[in-house]
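Owing to the predicted nature of the structure, the values given are computational and were not obtained by experimental measurement. Within every chain, numbering begins at 1; the chains are lettered A, B, ... in the order of the sequence lines, protein sequences first and strands thereafter. Because only heavy atoms are used, hydrogens play no part in the values below, and waters and symmetry mates are left out as well, while side chains stay in.
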Amino acid sequence: MSNQSLEATVEPADVQSWIDAIGREPSAAVPLLQAIQGAYGYLPRKAMDLVIANTDVNASQLYGVATFYAQFRLKPVGRHLIKVCHGTACHVLGADRLNTSLNHILGITDEEEDTAANGSYTVEDVACIGCCSLAPVMLIGEEAFPNLSGADAQRSLKKHARKVKEVLPGHEEMQNEAKAKKAAKVQEVRA
Amino acid sequence: MSYKSDTKILFKNIDRDDSHKLAVYQGNGGYQAVLKAYGMQPVEVIDEVKRGGVRGRGGAGFPAGLKWSFIPKDDPRPKYLVCNADEGEPGTCKDRDIIRYDPHLLIEGMAIAAYSVNATRGYIYIRGEFYREAEVLQGAIDEAYAAGILGDNCHGKGIRFDLAVHRGAGAYVCGEETGLIESLEGKKGQPRLKPPFPANIGLYGCPTVINNVETLASVPDIIANGGDWYAGLGVENSSGTKLFSVSGHVNKPGNYEVELGIPMKMLLEEYAGGVRGGWDNLKGVIPGGCSMPVLTADICETVTMDYDALAKSGSYLGSGAVIVMDKSVCIVKAIRRLSQFYRHESCGQCSPCREGTGWISKIMDRLESGKGTPDDIDLLLNVCDNIQGKTICALGDAAAMPVRGAIQAFREEFEYHVEHGRCMVG
């Protein structure tokens with residue numbers, strides 16, 4: 001699906017307030033981008049334009065920095081961001097299984113897609129989040145979930161979804177399938 | 001085994017309640033070392049640290065005292081002290097614990113280092129993913145300012161030292177010191193050609209010292225107890241204690257502080273709870289973070305964890321990230337994953353690294369998916385030859401060394417992939 005619905009509404013006054021607080025010099029580029037992404041979850045075009053127009057950072061510098069660092073995203077993300085660690089320790093303990101399980105429960109089937117169709121969660125692979133003794137590990141937002149199997153990852157996500165009142169498309173599908181199976185079985189027995 | 005010691009320097013406070021708070025830190029002798037340092041001449045402080053022989057704990061192992069002594073003395077430019085807390089080497093998670101549980105130890109170490117090189121401003125460059133740690137650190141810095149430990153008049157001695165936290169944005173290459181400086185200046189973190197070294201032209205063109213968190217956190221105890229005391233810990237050329245982040249297939253993964261020179265087997269068996277499935281189930285160990293060559297189980301049997309012994313055995317101490325792999329691991333698959341990482345993290349300014357990491361990754365994809373040819377293994381070595389030592393920073397070396405090491409130690413697994421089109425371990 002298109003991510004159109006996830007586009008953020010940028011308030012120029014907000015962007016201006018970050019510029020005022022952080023600064024206009026080129027060294028402010030990273031903290032400014034962090035403030036923007038902190039608020040919108042990604043770097044909306046309009047906010048980027050405002051920074052370029054109102055600071056000493058020019059467009060090539062700003063986009064150079066924004067595309068250099070892994071944390072910055074130019075595309076909208078789901079309302080919650082899941083980071084699955086693929087550092088060496090997580091890899092040898094089965095990090096791939098976390099992706100498979102998460103994509104399944106989120107109903108993400110297209111390999112090019114990383115966001116659930118309802119815009120709830122985005123799954124991102126990251127290199128190493130620096131808590132290797134807890135491998136395999138994922139972050140949902142800023143919270144770390146340690147020592148996961150694929151099933152654990154699904155459980156943690158379900159719990160998180162309940163807390164923040166999100167629907168997991170794949171989970172619904174899984175439940176519907178299970179219900180249909182059960183109904184079919186009941187009919188079979190009746191027949 | 002001659003090794004026996006439980007001296008704690010970096011983790012001495014970690015088990016105390018509220019160990020991150022100033023009152024708890026001061027209650028256990030905290031900030032006495034910096035007062036002692038303020039009573040010494042800066043050059044005496046540097047000499048003490050030199051005598052201690054502490055080597056850079058970020059991975060390069062350069063002696064810290066020597067690094068400080070490179071800062072020009074009669075130079076009108078401002079001097080900077082930068083703490084590298086961009087802990088990004090996969091497998092490494094030690095600095096995180098220091099920051100989280102004993103941030104004042106780091107601040108005190110920085111205050112001492114700053115005094116010794118006459119730096120009035122310090123930055124802690126912390127990796128972006130360390131959300132809580134950045135908060136804890138900021139809280140500790142605020143406490144230190146309020147108590148007059150930092151600021152224009154540190155401890156009322158007329159010494160100035162300001163300290164600020166700078167959050168990184170996710171780039172492995174920013175762990176390289178000049179890449180980090182570029183990043184601090186707000187640019188893409190592309191490493192600079194050296195020389196000039198940061199000691200002469202660093203942050204904003206000024207003399208700059210950059211040290212790893214663990215290195216700086218070792219400093220207060222060196223000053224408090226003396227360089228000779230510190231040099232008495234560990235073994236020759238590898239003095240002091242070191243944090244090892246043990247991860248992978250062990251029963252008790254975690255960070256362990258031990259004296260350098262501990263036998264690897266002892267570290268894994270007695271501290272980290274043993275290899276999963278027993279010592280005989282061990283396949284290999286990466287002793288110093290994922291950019292170091294893997295060691296086979298028979299080497300692990302006898303090697304000790306210090307700079308010289310690991311170098312002699314064909315790998316390096318690096319950052320002290322010990323990644324343990326049991327026999328379930330397919331080396332080819334693990335290296336393939338790692339090669340994707342380096343391809344992604346190469347900053348792109350040197351052709352051998354930018355192109356070479358891509359080629360390695362492509363060849364590894366081919367081997368892993370069973371489409372490799374017998375020539376691919378030597379082709380990998382050839383690509384490694386053409387990266388290593390031919391780039392501005394060490395990222396190229398870091399990408400090449402594990403591939404070369406894996407082929408050297410487990411060539412038969414690569415050959416098996418070529419011959420059978422699949423993995424030896426199933």
Using a cut-off of under 4.5 Å for heavy-atom pairs, which of A/Val126, A/Leu62, A/Val92 has the most such pairs with chain B?
A/Val92
Considering only heavy atoms, which portion of B/Leu184 lies under 4.5 Å from any heavy atom of chain A: side chain, backbone, both, or neither?
backbone
Counting heavy-atom pairs under 4.5 angstrom with chain A, the leader among B/Gly189, B/Ala171, B/Cys347, B/Gly128 is B/Gly189
Could you tell me which non-hydrogen atom of A/Val65 sits nearest to which non-hydrogen atom of B/Lys187, and how far apart they are?
CG2-C, 4.0 Å
Which heavy atom in A/Gln71 sits nearest to a heavy atom in B/Gly168, and how many Å separate them?
OE1-O, 3.8 Å
Assess whether side chain to side chain contact (heavy atoms under 4.5 Å, CB included) is satisfied between B/Phe341 and A/Cys128, documenting all intermediate values.
CA-CA 9 Å; B/Phe341 169 71; A/Cys128 179; 5.7 Å; no
Does A/His91 reach the main-chain N or O of B/Leu338 with its side chain, forming a donor-acceptor pair under 3.5 Å?
no
Quick check: closest heavy atoms across A/Lys83 and B/Tyr131, and the distance to 0.1 Å?
NZ-OH, 3.6 Å
Part of B/Val173 within contact of chain A (heavy atom distance under 4.5 Å):
side chain
Heavy-atom distances under 4.5 Å only: say whether B/Lys333 touches chain A with side chain, backbone, both or neither.
both
Given A/Ala144, A/Ala29, A/Ala89, A/Cys90, the one with more heavy-atom pairs under 4.5 angstrom with chain B than any other is A/Ala89
Please give me the minimum heavy-atom distance between B/Arg127 and A/Gly130, naming the atom from each residue.
NH1-N, 3.8 Å
Take a 6.0 Å sphere around NE2 of A/His171 and say whether it holds more than 12 heavy atoms from other residues, nucleotides or ligands.
yes
Name the region of A/Gln61, side chain, backbone, both or neither, that has any atom closer than 4.5 Å to a heavy atom of chain B.
neither
Select one option (side chain, backbone, both, neither) describing which atoms of A/His86 are under 4.5 Å from chain B's heavy atoms.
both
Less than 4.5 Å apart, any side-chain heavy atom of A/Phe68 and any of B/Ser183?
no
What part of A/Pro31 lies closer than 4.5 angstrom to a heavy atom of chain B: side chain, backbone, both or neither?
side chain
Assess whether atom CZ of B/Arg354 is packed by more than 12 heavy atoms of other residues, nucleotides or ligands within 6.0 Å.
yes
Might you point out which heavy atoms bring B/Cys93 and A/Cys132 nearest each other, and give the distance in Å?
SG-N, 3.7 Å
Give the member of A/Glu142, A/Gln34, A/Glu25 that has the highest number of heavy-atom pairs under 4.5 Å with chain B.
A/Glu142
Counting only heavy atoms from other residues, nucleotides and ligands, does the tally under 6.0 Å from CZ of B/Phe11 exceed 12?
yes
A/Ala28 versus chain B, heavy atoms under 4.5 Å apart: side chain, backbone, both or neither?
neither
Selection from B/Pro90, B/Gly248, B/Pro253, B/Ala169 maximising heavy-atom pairs under 4.5 Å formed with chain A:
B/Ala169
Identify which part of B/Val329 has an atom lying under 4.5 Å from any heavy atom of chain A, answering side chain, backbone, both or neither.
side chain
In sequence, state the C-alpha distance, the side-chain angles, and the governing distance for A/Leu93 and B/Arg276, and then conclude on side chain to side chain contact (heavy atoms under 4.5 Å, CB included).
CA-CA 11 Å; A/Leu93 286 160; B/Arg276 192 175 78 172; 4.0 Å; yes
Region of B/Thr92 in contact with chain A, defined by heavy-atom distances below 4.5 Å:
backbone
What residue, out of B/Arg167, B/Gln190, B/Glu87, has the most heavy-atom pairs lying under 4.5 Å from chain A?
B/Arg167
Top contributor to chain B contacts, counting heavy-atom pairs under 4.5 Å, from A/Cys85, A/Ala70, A/Gly87:
A/Ala70
So, the part of B/Tyr204 with a heavy atom under 4.5 Å from chain A: the answer is side chain
Out of B/Gly348, B/Cys290, B/Gly91, return the one with the most heavy atom pairs under 4.5 angstrom to chain A.
B/Gly91
